[in-house]
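Taking it in order: structure first as structure tokens, then the write-up.
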Amino acid sequence: MSKMSEYIAPVGATLLPHIGGVLGGFVSRKNMKTWFEHLEKPSWKPPNWVFGPVWTTLYTSMGYASYMVWRDGGGFNGEATLPLALYGSQLALNWAWSPLFFGAHKIGASLIEMGFLWGTAGACGYAFGTINRTAGLLFIPYMAWLTLATALTYRIWKDNKDKID
């Protein structure tokens, strides 16, 4: 590996998850005051300002974890093939959630999608851990946040299902 690619690969992998996060953020912010604020939400919902820093941290850590797996697992043609495919799948599901929930206002569909995301992300974290223990451990906070997000999505769907979908 050249000296330049020693830096490009980890930086690129770390930044990649943020692409969908930024695009999803535009959709979310656009619908926050016009739609989301009018829904019933549980008292335990984190304040809106928490979501940006949390997702920035989680996207950064999962991106770097993907780099470690790519590096230690032989790239896309080595033992990292399946873990990286799971990573791409969970990342696509992650990116799809905000347009589905905030953009299309499909809370029920986004809850189902979140179930697929949670399962795929869990499988990815486990598979990452078989290649690089630290990479697998970096998925624990992500899984915790996805668990909270799933519970929050369920509760919003349950409390507002007569008004939506």
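With hydrogens and angles ignored, the 3.5 Å screen pairs a side-chain donor or acceptor of Thr81 with a backbone N or O of Phe76. Proximity of a side-chain donor or acceptor of Trp95 to a complementary backbone N or O of Pro17 within less than 3.5 Å is detected. At least one donor-acceptor pair closer than 3.5 Å links the side chain of Thr130 to the backbone N or O of Ala127. Side chain of Asn160 to backbone of Glu40: a donor-acceptor contact under 3.5 angstrom is found.
The shortest side-chain heavy-atom distance between Leu86 and Ser89 does not fall under the 4.5 Å cut-off. Here the side chains of Trp44 and Leu148 are in contact, with some heavy-atom distance below 4.5 Å. Within the 4.5 Å cutoff, side-chain heavy atoms of Asn31 are placed close to those of Thr34. Within the 4.5 Å cutoff, side-chain heavy atoms of Met68 are placed close to those of Leu138. Looking at Phe36 and Ile156, their side chains come closer than 4.5 Å, going by heavy atoms from C-beta outward. At least one side-chain heavy atom of Ile19 sits under 4.5 Å from a side-chain heavy atom of Leu16. Put simply, the side chain of Met62 reaches to within 4.5 Å of the side chain of Tyr87, judged on heavy atoms. A heavy-atom distance below 4.5 Å is not found between the side chains of Gln90 and Phe116.
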Between Tyr142 and Asn94, is the side chain to side chain donor-acceptor pair (under 3.5 Å) condition met? List the steps. CA-CA 11 Å; Tyr142 179 44; Asn94 181 302; 2.9 Å; yes

Evaluation steps, side-chain contact (heavy atoms from CB on, under 4.5 Å), between Thr14 and Val11: CA-CA 5 Å; Thr14 302; Val11 169; 5.7 Å; no

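Note: the hydrophobic cluster containing Leu152 also contains Leu39 (ILVMFWY, side chain heavy atoms under 4.5 Å, direct or indirect links). Leu146 and Tyr64 fall within a single hydrophobic cluster, where Ile, Leu, Val, Met, Phe, Trp and Tyr side chains are chained together by heavy-atom contacts under 4.5 Å.
Nearest heavy atom pair, residue Leu58 against residue Pro141, reads CD2-C, 3.8 Å.
Enclosure of atom CH2 in Trp118 is not indicated, since only 12 or fewer non-hydrogen atoms of other residues, nucleotides or ligands lie within 6.0 angstrom. Within 6.0 Å of the NZ atom in Lys45, the count of heavy atoms belonging to other residues, nucleotides or ligands exceeds 12. Residue-environment remark: NZ (Lys41) exceeds the threshold of 12 foreign heavy atoms within 6.0 Å.
Ring to ring, Phe51 and Trp55 are not that close: their centroids are 6.0 angstrom or more apart.
Taking the six-membered ring where the residue is Trp, Trp97 and Phe101 present parallel rings, their angle staying beneath 30° rather than reaching 60°. In this pair, His105 and Trp35 present their aromatic rings parallel. The plane angle is below 30°, not in the 30 to 60° band.
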